[in-house]
Amino acid sequence: MARIVLVGAGSITFAKNLLSDILTFPELAESTIVLHDIDPERLATAEAMATWMVTELGVGARIEAHADRRAALDGADYVINEIAVGGLTAVQRDFEIPAKYGVRQTIADTLGIGGIFRALRTIPVMVSIGQDLAELAPHAVLFNYTNPMSMIPWAVYAGTPFRNVVGVCHAARDTQSTLARMVGVPEEEVSFLTAGVNHQAFVLRFERNGENLYRRLDEIIEASPELRRRVRVEIYRNFGYFPTESSEHGSEYLPWFLSKADQVEHYRIPVGIYLDWLADGFAEYESQKLSLDAGKGVTIERGDELASLAIHSIETGTPRLIHGNVRNGGLIANLPADACVEVPCHVDRAGVQPTAIGELPAQLAALNRATLNVSELTVKAALEGRRDHVYQAALLDPNTAATLPVHRIRELVDELIAAHGDLLPAGVRN
């Protein structure tokens with residue numbers, strides 16, 4: 001049966017959701033589940049949770065836990081990645097240091113100065129994982145959940161011999177569901193086409209039986225002053241296609257919102273909200289750990305995690321469509337070939353097969369290229385150890401550039417490099 005490895009398994013909610021899906025698929029319930037984390041306590045908690053779930057469900061899955069990453073990856077069929085390099089301390093630095101300079105952020109994990117430094121911390125580890133997989137499990141599929149999604153898979157396929165990496169994210173799927181609800185049409189009756197760059201893809205087709213449902217959406221927005229105070233609605237009204245990321249998150253990728261206090265208020269943007277979410281996550285971890293320690297276990301409920309659905313399709317041949325983040329290579333003709341793009345992917349026994357989109361509307365490609373400029377320079381900075389590319393990525397970042405002059409951006413970069421220290425590539429630090 002399949003050998004499925006969870007890297008970063010100490011993220012207990014992530015592990016619980018994936019295991020709930022995997023272990024309740026009869027065709028996957030006899031798999032070997034391998035857990036890896038660098039935090040011994042969290043790894044032990046993940047192992048206790050997985051063991052409890054197997055017993056509770058009465059399935060035959062085998063559970064392994066390894067602090068040694070190579071032992072975990074050896075012979076893997078599937079690897080699911082959700083690492084957070086530097087943990088809470090690093091994220092706090094990503095928020096607190098830019099805030100001193102007046103740079104506002106909400107999530108700080110995809111673009112912006114926080115996304116740049118999250119990538120710089122994460123890419124060296126992901127390159128090591130890619131090199132391990134090329135040696136120990138060259139036929140495995142690496143499903144990546146870790147942000148920034150436009151950079152992490154790119155770094156793996158550009159910086160290692162391992163190429164079979166697919167980034168998975170809920171944003172496109174959730175946006176399609178949201179749009180169907182907004183216009184009052186059952187989702188199964190709607191024809192969607194969604195593509196672009198992760199967290200900045202766009203719904204290119206939104207129809208039912210030939211009817212353009214965007215016209216119905218326009219009427220709903222026109223009648224609702226509250227909807228017009230959402231960032232993603234404002235992007236839709238100006239660029240003609242609905243974006244896949246939430247308003248609070250999407251505000252970070254553009255120059256017009258977080259850099260201006262009146263716009264933060266008008267669009268109700270929750271600055272620093274990710275720190276609150278992390279606090280909730282730590283509280284949930286402690287609650288689940290106490291429950292496991294008391295022998296009470298955790299809630300097992302299916303959530304249709306994309307990686308688990310893809311694994312099931314590959315193992316059984318059940319056809320599915322998911323949105324994957326993969327090397328472009330012409331899938332979106334007016335975006336760079338080497339870039340990581342998000343497109344619909346068919347999944348079955350043949351694996352994950354991306355769909356060619358053609359050209360995006362020019363205005364959407366322009367927005368995506370602004371994101372990919374930052375992504376490309378950050379990936380190159382990490383892979384080549386070039387500090388100058390870090391400065392350049394920050395200078396080209398829309399929100400940072402709209403907030404600070406050149407010399408202050410360079411000072412901010414220098415302070416973040418000093419703060420993160422050995423978590424960053426050596427060439428960047430020197």
Side-chain angles (χ1 to χ4, degrees), residues 1-9 11-37 46-66 71-82 129 133 136-145 162-170 172-174 176-177 187-188 297-326 343-355:
M1 295 298 293
R3 182 175 177 86
I4 304 171
V5 182
L6 276 60
V7 176
S11 178
I12 295 299
T13 300
F14 157 73
K16 179 176 76 70
N17 293 344
L18 280 165
L19 291 175
S20 292
D21 283 359
I22 291 168
L23 295 175
T24 53
F25 273 127
E27 301 91 343
L28 301 180
E30 307 295 316
S31 301
T32 297
I33 307 296
V34 184
L35 309 172
H36 165 68
D37 203 280
E47 183 180 16
M49 179 182 68
T51 301
W52 182 89
M53 293 173 79
V54 167
T55 301
E56 179 73 8
L57 291 168
V59 297
R62 176 185 175 190
I63 304 299
E64 297 181 14
H66 295 282
L73 296 176
D74 193 8
D77 296 300
Y78 307 98
V79 178
I80 306 174
N81 175 65
E82 175 63 89
I129 290 173
L133 287 172
L136 301 171
H139 302 297
V141 184
L142 170 59
F143 292 102
N144 176 67
Y145 278 86
F162 189 78
R163 298 287 185 271
N164 203 11
V165 53
V166 181
V168 286
C169 173
H170 305 120
R173 182 178 70 180
D174 292 351
Q176 293 178 172
S177 297
E187 186 177 355
E188 62 272 16
V298 296
T299 302
I300 302 173
E301 54 186 358
R302 290 198 57 80
D304 288 334
E305 279 292 341
L306 295 175
S308 62
L309 294 176
I311 292 169
H312 182 263
S313 287
I314 296 170
E315 288 292 304
T316 66
T318 304
R320 287 189 175 91
L321 184 74
I322 68 169
H323 286 84
N325 292 269
V326 296
V343 297
C345 298
H346 296 278
V347 192
D348 54 26
R349 285 197 188 277
V352 179
Q353 305 146 65
T355 300

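Nothing here was measured: the structure is a model prediction, and the numbers come from that model. All residue numbers refer to positions in the sequence shown, counting from 1.
No side-chain heavy atom of Val347 sits less than 4.5 Å from a side-chain heavy atom of His312. Counting only heavy atoms from C-beta outward, the side chains of Ile300 and Trp52 approach each other to under 4.5 Å. Side-chain contact between Arg173 and Leu306 is present, with at least one heavy-atom pair separated by less than 4.5 Å. In this structure, the side chains of Ile129 and Phe162 stay at 4.5 Å or more apart for every pair of heavy atoms. Annotation: side chain of Phe143 is in contact with side chain of Ile311 (closest heavy-atom distance under 4.5 Å). Looking only at side-chain heavy atoms (C-beta outward), Glu187 and Ser177 come within less than 4.5 Å of each other.
Contact record, Leu19 with Ala50: CD1-CB, 3.7 Å, taken as the closest heavy-atom pair. Shortest non-hydrogen contact noted between Pro354 and Cys345 is CA-SG, 3.7 Å. In terms of heavy-atom proximity, Asp304 sits nearest to Leu309 at O-CD1, 3.6 Å. Taking all atoms of both residues into account, the shortest heavy-atom contact from Ala9 to Asp37 is N-OD2, 3.5 Å. Pairing each heavy atom of Ala72 with each of Val5, the nearest pair is O-CG2, 3.3 Å. Residues Ala76 and Ala140 come closest through the heavy atom pair O-CB, 3.4 Å.
Atom OG1 of residue Thr299 and atom CD of residue Glu56 lie 10.5 Å apart, to the nearest 0.5 angstrom. The line from OG1 of Thr13 to CG of Leu18 is 11.0 Å long, rounded to the nearest 0.5 Å. The CG atom of Leu6 sits 5.0 Å away from the CD1 atom of Ile80 when rounded to the nearest 0.5 Å. To the nearest 0.5 Å, atom SG of residue Cys169 and atom NE2 of residue His323 are 10.5 Å apart. To the nearest 0.5 Å, atoms CZ (Arg320) and OG (Ser313) are separated by 4.0 Å. Rounding to the nearest 0.5 Å places CG of Leu73 at 9.0 Å from CG of Leu142.
When atom types are taken as modelled, the side chain of Asp21 and the backbone of Glu305 share a donor-acceptor pair closer than 3.5 angstrom. In terms of modelled atom types and a separation under 3.5 Å, the side chain of Tyr145 and the main chain of Phe14 share no donor-acceptor contact. Between the side chain of His66 and the main chain of His36, no donor-acceptor pair closer than 3.5 Å is present. Asp77 places a side-chain N or O within 3.5 Å of a backbone atom of Arg3 that can act as its donor or acceptor partner.
Remark: Glu30 engages Met1 in a side-chain contact (heavy atoms from CB on, under 4.5 Å) (not counting sequence neighbours). Under the rule for a side-chain hydrogen bond (donor to acceptor under 3.5 Å, both in side chains), the partners of Glu315 that lie at least two apart in sequence or sit in another chain are Tyr78. Applying the side-chain hydrogen bond (donor to acceptor under 3.5 Å, both in side chains) test to His346 and every residue at least two apart in sequence or in another chain returns nothing.
For Arg62, the CZ atom is loosely surrounded, since the number of other residues' heavy atoms within 6.0 Å does not exceed 12.
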